[in-house]
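Below is one structure, written out as structure tokens, with a few remarks after it.
Side chains are part of it too, since the values below use all heavy atoms of this structure and drop only hydrogens, waters and symmetry mates. From a predicted model like this one, the values you see are computed outputs, not experimental measurements. Starting from 1, each residue takes its place in the sequence as its number.
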Amino acid sequence: MINWQHRVLAVFIGLSGCFCVLFGAWLAHAGGHLSLEVVTRLETAHQYHILHTLALLGLVIWRQQAKSRILAASSWLMVAGMCGFSGSLYFKTLLMMPELGKMAPFGGVSLALAWLCIAIYGVTGAATSQRIE
């Protein structure tokens with residue numbers, strides 16, 4: 001049975017993956033007029049975005065088997081990190097709102113914590129596995 005968290009995450013993953021493809025195509029074809037600094041920033045945001053969309057997909061699939069609270073925390077930290085890091089870099093650059101760039105470090109920390117939760121699960125294993133609904 002799929003719970004509400006899995007549904008919300010599935011919608012997020014689908015929209016995120018769609019945006020990755022569309023933004024990558026835009027960057028490749030229409031991004032030629034941008035400065036090297038801007039392209040580098042957007043490519044970094046895009047690379048992290050793609051990587052973490054795929055990681056989140058794997059994490060959600062894994063959570064269906066493991067039923068772990070620590071993996072649930074990792075999922076939501078990854079969502080927050082993707083929005084905070086990649087999202088802030090996209091918006092900072094494309095909307096010319098430099099103050100949004102201040103969110104990127106918080107997004108980066110959230111991504112790091114998401115990966116750390118996976119490591120903690122690896123160390124603690126079944127001790128943290130519980131049925132989550």
Tightest non-hydrogen contact, residues R63 and L71, listed as CD-O, 3.4 Å
On a heavy-atom basis, the closest approach of P98 and K92 is CA-CG, 3.8 Å
ILVMFWY cluster, L42 and M103 together (side-chain gap under 4.5 Å)
no
Tightest non-hydrogen contact, residues S16 and T53, listed as OG-OG1, 2.6 Å
With clusters defined by side-chain heavy atoms of hydrophobic residues (ILVMFWY) lying less than 4.5 Å apart, directly or transitively, does L22 cluster with L27?
no
V39 and E43, any side-chain heavy atoms less than 4.5 Å apart: yes
All heavy atoms of S86 vs all of Y48, minimum pair found to be OG-CB, 3.8 Å
Note to self: Does any part of the side chain of H49, heavy atoms only, come nearer than 4.5 Å to the side chain of F85, both counted from C-beta?
What the structure shows: no
Output for pair (T93 OG1, R41 CZ), nearest 0.5 Å, gives 4.0 Å
Rounded to the nearest 0.5 Å, the CG atom of L111 sits from the CG atom of L56 at a distance of 10.5 Å
Practice task
Treating Ile, Leu, Val, Met, Phe, Trp and Tyr as nodes and any side-chain heavy-atom pair under 4.5 angstrom as an edge, say whether V21 and L54 lie in one connected cluster.
Solution key: no
Closest non-hydrogen atoms of H6 and V60, given as atom of the first, atom of the second and distance, are CD2-CG1, 3.5 Å
Between P105 and G101 the two heavy atoms that sit nearest each other are CD-O, 3.6 Å
- Message: Could you check whether any side-chain N or O of S74 sits under 3.5 Å from a backbone N or O of A114, counting only pairs where one atom can act as donor and the other as acceptor?
- Response: yes
Sequence neighbours excluded, the answer for salt bridge (charged side-chain N to carboxylate O under 4.0 Å, His left out) partners of E99 is none
Sorted by chain and number, sequence neighbours left out, side chain to side chain contact (heavy atoms under 4.5 Å, CB included) with L57 holds for I13, I61
task = For the pair W26 and H33, name the ring-plane relationship: parallel under 30°, tilted 30 to 60°, perpendicular over 60°.
result = perpendicular
Here the gap from C83 atom SG to Y90 atom OH, rounded to the nearest 0.5 Å, amounts to 11.0 Å
Check whether L94 and L100 end up in the same hydrophobic cluster, where Ile, Leu, Val, Met, Phe, Trp and Tyr are linked by side-chain heavy atoms less than 4.5 Å apart. no
Practice prompt. For side-chain contact (heavy atoms from CB on, under 4.5 Å), just list the numbers for V8 and W76, CA-CA rounded to whole Å, side-chain angles, deciding distance to a tenth of an Å, and then say yes or no.
Written response: CA-CA 11 Å; V8 170; W76 293 110; 3.8 Å; yes
Interatomic distance, CD1@I70 vs SG@C117, rounded to 0.5 Å, equals 4.0 Å
Check your understanding: Which class fits the ring pair F23 and F19: parallel under 30°, tilted 30 to 60°, perpendicular over 60°?
Key -> parallel
Rounded to the nearest 0.5 angstrom, the CH2-NE2 distance for W115 and H52 is 5.5 Å
Q: Give a yes or no on whether L34 and L89 share a hydrophobic cluster (residues Ile, Leu, Val, Met, Phe, Trp, Tyr; joining criterion: side-chain heavy atoms under 4.5 Å apart).
A: no
Taken to the nearest 0.5 Å, the spacing of H46 NE2 from C20 SG works out to 5.0 Å
